[in-house]
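Here is the structure we will look at.
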Amino acid sequence: MSQKILIADDEPNILISLEFLMKREGFEVVLARDGQEAMDAIARERPALVLLDVMMPIKTGFDVCCEVRANEDLRDIRILLLTAKGRDTDVAKGLALGANAYMTKPFSTKELVQKVRELLGAAS
């Protein structure tokens, strides 16, 4: 059974390319286009991993990360923040809020796949 990944990003081109990449790698993919949609999908789908953009409408990736970590039922879901905000303070904030990893855009697809596999456990 393939593991489920939620991709949350408000940029359609990024959603499409990440969806293609993750499906090609054998993952089941769920999409969200803003922070609220992401929270709804996380609660409904219980993905193993969330690829989470920081700058999104309604709720930011930071907000979503906080809500997931505050929820007893969801807190074991892994979160990889993907963002153009690459300053050290942004990275520190994301990790402090409970993200498992942080990658800045643009990133190489090879590095992303490697990080996803690492977060989900290489044996999966």
Side-chain angles (χ1 to χ4, degrees):
M1 189 175 108
S2 65
Q3 289 181 298
K4 192 179 296 182
I5 295 178
L6 170 69
I7 302 168
D9 200 305
D10 60 332
E11 177 56 54
N13 292 338
I14 292 174
L15 268 182
I16 291 166
S17 57
L18 288 178
E19 178 184 26
F20 175 79
L21 177 68
M22 291 300 133
K23 281 185 173 176
R24 192 184 72 197
E25 293 296 319
F27 296 106
E28 185 182 334
V29 177
V30 179
L31 302 177
R33 288 158 188 81
D34 63 54
Q36 185 58 57
E37 217 177 281
M39 273 314 301
D40 295 344
I42 290 167
R44 184 180 64 246
E45 301 285 342
R46 303 290 169 100
L49 173 70
V50 179
L51 299 181
L52 186 60
D53 183 25
V54 170
M55 294 179 287
M56 289 188 296
I58 306 175
K59 290 183 180 183
T60 68
F62 290 144
D63 295 336
V64 172
C65 195
C66 278
E67 283 187 43
V68 169
R69 291 301 177 239
N71 185 319
E72 192 73 36
D73 297 330
L74 305 176
R75 67 170 48 142
D76 60 337
I77 293 172
R78 291 170 208 82
I79 297 174
L80 171 55
L81 289 174
L82 297 174
T83 181
K85 295 172 77 83
R87 295 195 328 253
D88 289 346
T89 53
D90 295 315
V91 175
K93 179 179 179 181
L95 295 174
L97 292 174
N100 299 92
Y102 196 108
M103 288 183 81
T104 52
K105 298 173 184 175
F107 47 80
S108 89
T109 54
K110 185 179 174 193
E111 279 177 38
L112 177 62
V113 168
Q114 194 175 342
K115 181 60 78 178
V116 165
R117 292 209 179 282
E118 186 182 304
L119 287 169
L120 292 175
S124 56

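Side chains included, hydrogens not; waters and symmetry mates left out as well; all remaining heavy atoms used.
Partners of E111 according to the salt bridge (Lys or Arg N to Asp or Glu O under 4.0 Å) rule, which considers only residues two or more places apart in sequence or in another chain, do not exist here. Looking at residues two or more places apart in sequence or on another chain, you find no side chain to side chain donor-acceptor pair (under 3.5 Å) involving T83. With sequence neighbours left out, the side chain to side chain donor-acceptor pair (under 3.5 Å) criterion links E25 to R117. Judged as a side chain to side chain donor-acceptor pair (under 3.5 Å), and not counting sequence neighbours, R24 has no contacts. Scanning for side chain to side chain donor-acceptor pair (under 3.5 Å) contacts around K105 gives D9, D53, with sequence neighbours left out.
Taking the side chain as every heavy atom from C-beta outward, T104 and D90 never approach each other to under 4.5 Å. Using a 4.5 Å cut-off on side-chain heavy atoms (C-beta onward), I14 and L82 make no contact. In this structure the side chain of F27 reaches within 4.5 angstrom of the side chain of V116, judged on heavy atoms.
In the displayed structure, D88 atom CG is contacted under 6.0 Å by at most 12 heavy atoms of other residues, nucleotides or ligands.
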Residues 31-38 side chain polar contacts: donor-acceptor under 3.5 Å, at least two apart:
residue, atom, partner, partner atom, Å
D34, OD1, Q36, N, 2.9
D34, OD1, E37, N, 2.7
Q36, OE1, K59, NZ, 3.0
Q36, NE2, D40, OD1, 2.9
E37, OE2, R33, N, 3.0

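Annotation: side-chain hydrogen bond (donor to acceptor under 3.5 Å, both in side chains) contacts involving residues 41-52, sequence neighbours excluded, comprise K4-E45.
Hydrophobic clustering of Ile, Leu, Val, Met, Phe, Trp and Tyr side chains at less than 4.5 Å, counting indirect connections, unites F107 with M22.
For the atom pair N100 CG and E118 CD, the distance stands at 10.5 Å (nearest 0.5 Å).
Using a 4.5 Å cut-off between side-chain heavy atoms of Ile, Leu, Val, Met, Phe, Trp and Tyr, I16 forms no hydrophobic cluster with any other residue. Connectivity analysis of hydrophobic side chains (ILVMFWY, heavy atoms under 4.5 Å, direct or indirect) links M55 to L6, V30, M39, I42, V50, L52, V54, M56, F62, V64, V68, L74, I77, I79, L81, V91, L95, L97, Y102.
Scanning all heavy atoms of the two residues, the minimum distance from S2 to G26 falls at CB-O, 2.9 Å. Minimum interatomic distance between G94 and C65 (heavy atoms only, all atoms of both residues): O-SG, 4.4 Å.
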- Run the numbers on Q3 and L49 for side-chain contact (heavy atoms from CB on, under 4.5 Å), then give the verdict. CA-CA 8 Å; Q3 289 181 298; L49 173 70; over 6 Å; no

